[in-house]
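Side-chain atoms are counted along with the backbone in the values below, which use heavy atoms only and exclude waters and symmetry mates. These numbers come from a predicted model, not from an experiment. Start at 1 and go down the list; that is how both ligands and their atoms are numbered.
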Amino acid sequence: MTDATAATDADRELMREQAARLHLDVPDQVRAEILADALGSAPDERPPTRTGDDRGHRADDDHNALLAVYDEPRVESGHGTLVGITVALKDNLAVADLEMTCGSGAYSVVPSFDATVVERLLEEGAGVVGKANMEPFAMGPTGEFSDFGHVENPLNAALVAGGSSSGSGAAVAAGTVDVALGTDTGGSVRIPAACCGIVGVKPSHTLVPRYGFVDFAPSLDTIGPLARDVETAATVLEAIAGPDRRDPTTSSAREAGTLTDGLDDADGLRVGLPSTPFSRATDAAAGAVRAVATRLEAVGVEVVDVPLDLAEMETAYLTVGSAEFVWLLEQDGVVRGHGSGYNEELRAAFRAARERGLGEHVARRILPPAFLDARSAGRTYARARREGIAFEERLDETFSRVDALVMPTLRDRVPAVGETTTRADFLPIIGNTAPFNIAGTPAVTLPVTERSGVPVSAQVVAPRFEDSVALRVARALERVATSTA
Ligand code: GLN
């Protein structure tokens with residue numbers, strides 16, 4: 001028998017490296033004592049093993065929206081608010097016995113467990129169909145880059161489905177499922193919803209637990225529903241929101257309360273049309289959203305113009321998001337501090353993916369900001385964060401005058417397939433969405449009109465944890481848009 005506490009040469013070398021890297025140099029004898037101390041307190045760390053060989057089968061759907069699916073929708077309860085509703089989960093959310101890929105050929109795990117959000121959907125009676133295709137590691141706004149193939153927009157194959165929750169958007173728009181969960185770090189629920197002409201909700205940051213999710217940028221990441229109407233989206237959000245001990249960040253979140261009661265009552269609310277989200281949009285997008293927003297007066301909502309400078313929040317987002325992802329790579333996929341939870345199956349899969357290499361798409365996306373951050377010893381990250389704080393202060397000031405904001409979700413029309421290649425193409429797509437990940441506020445997108453068959457969507461933003469207000473205004477817009485369209 002070998003003594004588990006006896007130091008090997010590799011242990012001695014690792015301790016020497018750690019000490020040197022952290023500038024904690026001590027005499028050799030002291031380091032040997034510290035190493036013995038460490039080994040004496042090491043927990044038993046056997047890697048997780050899986051029994052059973054279920055992994056689902058690859059779906060065969062017309063739009064390449066789904067990946068691994070069960071043979072039959074998995075239903076665990078006959079009671080609850082979601083009975084009869086079918087759901088798909090973006091492939092960075094763990095669903096037991098279905099292979100998870102994060103849209104990347106480098107990542108693969110078949111979790112033995114369900115993400116908290118999946119457990120909650122099942123408890124409310126939903127039927128889980130399977131996993132939805134996505135951009136690799138949730139990076140990319142168009143849905144063209146999954147290692148498992150391009151996701152087609154069911155409305156019009158010449159348009160992108162939007163990303164990164166591209167399969168979630170396409171599966172709901174096509175009617176393959178009633179609802180999907182996506183994840184939104186810079187716009188990835190709202191952008192595919194806007195491209196596919198459906199409703200998408202990015203909840204307040206930390207309202208919805210992320211245990212069982214593969215983090216991208218923990219200070220920005222959220223999980224939210226895509227559905228064909230606001231009421232269904234609100235019902236799903238109500239089911240998945242609220243504290244979970246396994247995700248320490250949600251401990252500070254409130255109980256969600258009810259998001260569906262009073263949904264139809266927007267009477268007396270004040271809505272602001274913020275200046276730069278309109279002025280930076282095309283005249284067509286700005287004009288269409290303004291016209292529908294003005295009709296809110298008919299349901300008792302006051303509509304006013306308000307100043308709000310988004311500044312270059314999309315650039316700040318790229319810096320923050322990429323730096324946090326790089327940090328996760330460096331940290332073997334563990335957020336030390338407040339992250340989304342500590343599941344060993346997902347952590348080990350993340351580490352293995354890193355060792356295989358995440359590929360050119362991810363490299364092009366994260367290395368430029370990571371390089372600038374490293375070259376400045378973290379100053380670019382700190383500056384982006386300070387810019388974010390200044391933005392939140394401007395937003396607070398705006399919210400002292402109005403209950404919610406309405407603006408175009410996309411600054412321009414839905415992009416055509418193949419036209420988004422450079423950073424300059426990419427930034428405007430996230431220009432109106434990413435700022436609200438920085439601010440952590442709720443943001444709901446819904447289609448309000450169309451131009452030549454292409455949906456035009458509005459985004460409703462409310463103060464953090466006022467998700468019910470954002471949903472009420474979205475529901476009011478849905479009513480006025482459909483009543484006079
Ligand atoms: N598409 C954006 C990006 O690539 C947003 C990503 C996201 O929200 N996951 O950064």
Side-chain angles (χ1 to χ4, degrees), residues 89-93 102-104 107 132-147 151 160-169 180-196 200-205 208 210 213-226 312-326 328 340 358-370 384 409-412 414-415 419-445 459:
L89 289 305
K90 185 177 183 177
D91 204 23
N92 56 359
L93 297 167
C102 297
S104 166
Y107 185 102
N133 205 347
M134 61 180 281
E135 298 285 65
F137 292 100
M139 292 174 198
T142 63
E144 297 168 285
F145 296 103
S146 166
D147 284 345
V151 175
V160 300
S164 66
S165 311
S166 36
S168 300
L181 294 189
T183 65
D184 191 313
T185 303
S188 281
V189 162
R190 291 162 286 164
I191 296 164
C195 293
C196 293
V201 183
K202 177 203 107 58
S204 294
H205 187 247
V208 174
R210 290 170 293 169
F213 157 68
V214 179
D215 306 83
F216 171 173
S219 76
L220 309 172
D221 292 331
T222 58
I223 301 172
L226 297 92
E312 301 298 324
M313 275 308 111
E314 66 273 29
T315 307
Y317 154 75
L318 278 188
T319 300
V320 170
S322 303
E324 291 188 14
F325 187 77
V326 166
L328 277 169
S340 61
L358 303 191
E360 187 178 316
H361 176 75
V362 172
R364 285 183 185 280
R365 170 72 167 66
I366 65 170
L367 276 180
T409 309
L410 300 177
R411 288 182 178 171
D412 203 341
V414 177
E419 75 178 10
T420 306
T421 52
T422 66
R423 187 183 168 83
D425 304 329
F426 167 86
L427 283 174
I429 301 176
I430 61 169
N432 280 2
T433 56
F436 303 103
N437 295 83
I438 294 274
T441 58
V444 181
T445 181
Q459 173 175 245

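Residue Ser188 has at least one heavy-atom neighbour below 4.0 Å for each of these atoms of ligand 1: 1 (N), 5 (C), 6 (C), 7 (C), 8 (O), 9 (N). Close approach of ligand 1 to Phe426 (heavy-atom distance below 4.0 Å) involves ligand atoms 3 (C), 4 (O), 10 (O). Residue contact check: Ala138 has heavy atoms under 4.0 Å from atoms 6 (C), 7 (C), 9 (N) of ligand 1. Taking a cut-off of under 4.0 Å to the non-hydrogen atoms of Gly140, the atoms of ligand 1 that pass are 1 (N), 3 (C), 4 (O). Residue Phe216 has at least one heavy-atom neighbour below 4.0 Å for each of these atoms of ligand 1: 6 (C), 9 (N). Every atom of ligand 1 with a heavy atom of Gly186 under 4.0 Å away is listed here by number and element: 5 (C), 7 (C), 8 (O). Proximity to Gly187 (heavy-atom distance under 4.0 Å) selects the following atoms of ligand 1: 8 (O). Those atoms of ligand 1 with a heavy atom of Tyr317 less than 4.0 angstrom away are 2 (C), 3 (C), 5 (C), 6 (C), 10 (O).
In this structure, His361 and Phe145 have parallel ring planes: the angle between them is below the 30° cut-off, well short of the 60° mark.
Counting heavy atoms from C-beta outward, Thr185 and Tyr317 have side chains that approach closer than 4.5 Å. Looking at heavy atoms from C-beta onward, Phe325 lies out of side-chain contact with Arg365 at the 4.5 angstrom threshold.
Not a single heavy atom of Gly321 sits less than 4.0 Å from an atom of ligand 1.
The CZ atom of Phe213 sits 5.0 Å away from the CG atom of Asn92 when rounded to the nearest 0.5 Å. Separating the OG atom in Ser164 from the CG atom in Asn133 is a distance of 10.5 Å, to the nearest 0.5 Å.
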Exercise for the section: List the steps, then state whether salt bridge (Lys or Arg N to Asp or Glu O under 4.0 Å) holds for Glu314 with Arg411. Expected result: CA-CA 12 Å; Glu314 66 273 29; Arg411 288 182 178 171; 3.7 Å; yes
Practice task
Could you check Asp425 against Glu419 for side chain to side chain contact (heavy atoms under 4.5 Å, CB included), going step by step and ending with a plain yes or no?
Solution key: CA-CA 8 Å; Asp425 304 329; Glu419 75 178 10; over 6 Å; no
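Checked by atom type, the side-chain pair Ser219/Glu324 shows a donor-acceptor distance below 3.5 Å.
Looking at Arg365 against ligand 1, only its side chain comes within 4.0 Å, counting heavy atoms.
Of the polar atoms of Lys90, none of the N or O atoms is found under 3.5 Å from an N or O of ligand 1, judged by distance alone.
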